[in-house]
Amino acid sequence: MNDTLSWFAVSAALAIGVALFTRQRGWGMALPVLAAGAITGLLPFAPSAPLNPELALVAVLAPLVFGEALGSSYLDIRRVRRPVLILAIGLVLATTAAIGLTVAAISTIPLALALALGAILAPTDAVAVSAVARRASLPRRLVSVLEGESLVNDGTGLTVLRVALVAAVAGSVTVMEVSATFVLAVAGGIIVGLIGGWGLSWVTSRSRDAVAANSLTLIAPFVLYLAAESIEGSGILAVVAAALYLAHAQTSDAGSAARLQSATLWRHLTFALQAMAFFLVGLELVATLLQLDRGQLELVGLLVVVVTVVLVLTRVLFIYVAIRIECMRRGERQNMRLAMLAAWAGARGPVSGMAAFSIPLVLADGSALPYREELLATTFVIILVTLLLSQTLAPLARRLGVQAPDDTDQLRRIDATLARAALRRLDAIEEEAAMRGRPIPSDVVGLLRGVVDQRLLSLQVETGVDAPDVLALQRELRSLMIRAEQEELLRIRDEEGLPDSMVRPIQQALDVRLLGLGKIAEGGH
C-alpha cells in the first residue's frame with residue numbers, strides 16, 4: 001500500500017510540474033508529459049509501475065473521462081448523433097477487424113489476441129482528441145463529432161475487447177455470447193449512467209450547500225464505474241452518460257447554485273488527471289520495452305509500422321465511404337476537406353494504454369498467455385506515434401483553409417439581447433413595486449439602467465435608456481436582472497439551437513457576475 005501511495009505521490013508531482021511548465025508556454029501537455037514519464041522510467045530511482053494497473057484505470061481514467069464528458073454537451077452531441085454513432089460503433093468494429101486480421105496474417109499471434117489488440121487501439125481518446133481539435137480551431141460541428149466519437153467509442157472498444165479476451169483465454173466464443181456480452185455492456189453502462197446522472201442532478205439542484213453537493217460528484221465516477229462493471233456493463237460508458245446528463249441538467253437550470261463551482265473544480269481536477277494519465281503512459285512505455293528481448297522488439301517494430309498504417313487507412317477509407325453515402329442520401333455535395341480532417345484526427349491515449357493491462361496473464365489451463373508483453377509494448381508505442389501525428393492536424397487545417405467561424409457578431413447580438421432582457425425585468429420589478437405602494441428609489445433604478453446602458457453602448461446598439469448613479473437594494477435588483485439574462489440565454493439556446501460550446505462561456509460569465517453579488521454563494525435561486 002505504501003509503495004502504491006508513494007508511486008502516485010511522486011508521479012503526480014512530476015506530471016503536474018511538467019504540465020504546469022507546458023501550460024505556461026501555451027503548449028499542449030500530452031507529448032511533453034508523456035516524454036517526461038518515459039525519461040523518468042529510465043532513471044534508477046524512478047517510481048516503479050503501479051502494483052495494480054486496474055487500480056490506475058479506476059483511480060485515474062474514470063474521473064478523467066467524467067471530467068471530459070462534464071465539459072462536453074449532450075445537445076451538441078445529439079445534433080451530430082448520426083455521425084457519432086457511425087464512428088463510435090461502425091468504425092471501431094471495422095478497425096478492430098482490420099487490425100486483427102492483419103496482425104494474425106503477418107505474425108503467429110492467435111486471431112483472438114490480434115482482435116484484442118484491434119479493440120484496444122480502435123477507440124480514439126477523449127483527452128487527446130478534444131485538446132488537439134480545439135487547438136486546431138476546427139469548425140464547431142466537427143469538434144462535436146470528434147468529441148462525441150471519442151467519448152462513446154470507448155464503450156464499444158472495451159466491450160469488444162472483453163469478448164476477444166474471453167475467446168483468447170477460453171479458446172472459443174459463440175455468436176450468441178458475443179451478442180449478449182455487447183448488449184449487456186452497452187445497455188448496462190447507459191442505464192447505470194443515466195440513473196447516476198439523474199441522482200447527481202437531483203441532489204445538486206436541491207442542495208443549498210454547493211460545496212457538499214459538488215463533493216458528491218468527486219466520488220461519483222468511482223461508484224458509477226464499479227457499479228456498471230459489477231453487472232457486466234461498461235464502466236466507461238456509465239461514467240460518460242452520467243456526466244453528460246449532469247452537465248445538461250446544470251446548464252439548463254438558469255439559477256444553478258452549484259454550476260460555477262463544479263466547472264472550476266472539475267477543470268482543476270481534469271488538468272491534474274490528464275497529466276497523470278499521460279505520465280503513466282510514458283512510464284509504462286519504458287517499463288514494457290525494457291522487458292523485451294531482441295526477437296520481441298523486432299516483432300513490436302513490425303507491428304507498430306503495420307498497425308499504424310492500418311489504423312490510418314481504415315479510418316480514412318471508412319470516413320470517406322460514410323460521408324459519400326451520407327451525401328448521396330441527402331443529395332448534398334461532399335466536403336472532403338472536413339472529411340480529411342476528421343480522418344486525420346485519430347489520436348489514441350491513456351484509455352488504450354490502461355485497456356491493454358486488462359489482457360490476462362494466463363490461459364484457462366493456467367499456462368502463460370503468449371505475446372502479452374508484445375501487445376502491451378505495441379499499444380504504448382502506437383499511442384506515442386498517433387500523438388505525434390495529431391500535432392500535424394492544425395497545420396493541415398490551415399493548409400486546407402478550414403477554421404472555426406468568427407462568432408463576434410453573433411456574440412454581440414446575444415449580449416445585447418440579454419441586456420434588453422435585464423432591462424425588461426427591471427421595468428417589471430419597478431412597476432410591481434409601484435403598484436404595491438413601495439416604489440424603488442429613482443436613483444437606484446437609474447444606476448442600474450445606466451450600467452446596462454453603458455453595456456449596450458459598448459456594443460454599439462441603440463437604446464432609449466438614461467444613465468446616472470447607489471446597496472442592498474441595488475444588489476437584489478441587479479441579481480434579478482442577471483437571472484433574467486440567464487433565462488433569456490436559455491431561451492435563445494433552445495429556440496435558435498445555439499451550441500453549448502458558445503452558450504457555456506456566456507453562462508459562466510453571468511454566474512461570475514452573480515457570484516460577485518454574493519448570490520451563488522448563498523445557494524438561492
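The analysis underlying the following values was restricted to heavy atoms, covering all of them including side chains, and did not include hydrogens, waters or symmetry mates.
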### Query
Are Arg82 and Glu149 within salt-bridge range, i.e. N to O under 4.0 Å?
no
#### Entry: Close side-chain approach of Leu113 to Val103, heavy-atom, < 4.5 Å
no
### Message
Is there a side-chain contact between Val240 and Phe66 in this structure, where contact means two heavy atoms from C-beta onward sitting under 4.5 Å apart?
### Response
no
### Message
Return the CZ to OG1 distance between Arg348 and Thr308, rounded to the nearest 0.5 Å.
### Response
9.5 Å
### Query
Side-chain donor-acceptor pair under 3.5 Å between Ser390 and Trp344, yes or no?
no
### Message
Within the 4.5 Å heavy-atom criterion, are Leu87 and Val145 side-chain neighbours or not?
### Response
yes
### Close side-chain approach of Ile77 to Leu151, heavy-atom, < 4.5 Å
yes
### Query
To the nearest 0.5 Å, how far apart are CG in Leu75 and OG1 in Thr251?
8.0 Å
### Message
Distance check, rounded to the nearest 0.5 Å: Ile231 atom CD1 versus Leu184 atom CG?
### Response
6.5 Å
### Query
On the ring face of Phe21, is Arg25 found with NZ or CZ under 6.0 Å from the centre and within 45° of the axis?
yes
### Message
Working to the nearest 0.5 angstrom, can you tell me the gap between Glu485 CD and Arg425 CZ?
### Response
10.5 Å
### Query
By ring-ring contact (aromatic ring centres under 6.0 Å, His included), which residues pair with Phe222, not counting sequence neighbours?
none
### Query
Would you call Leu265 and Leu218 a side-chain contact if the rule is heavy atoms closer than 4.5 Å?
yes
### Task
Answer yes or no: is there a side-chain heavy-atom contact under 4.5 Å between Met29 and Gln274?
yes
### Query
Hey, what do you get for OG1 (Thr378) to CD1 (Ile120), rounding to the nearest 0.5 Å?
10.0 Å
### Query
What's the spacing between Leu244 CG and Glu68 CD if we round to 0.5 Å?
11.5 Å
### Query
Do you see a donor-acceptor pair shorter than 3.5 Å between the side chains of Asn214 and Thr204?
no
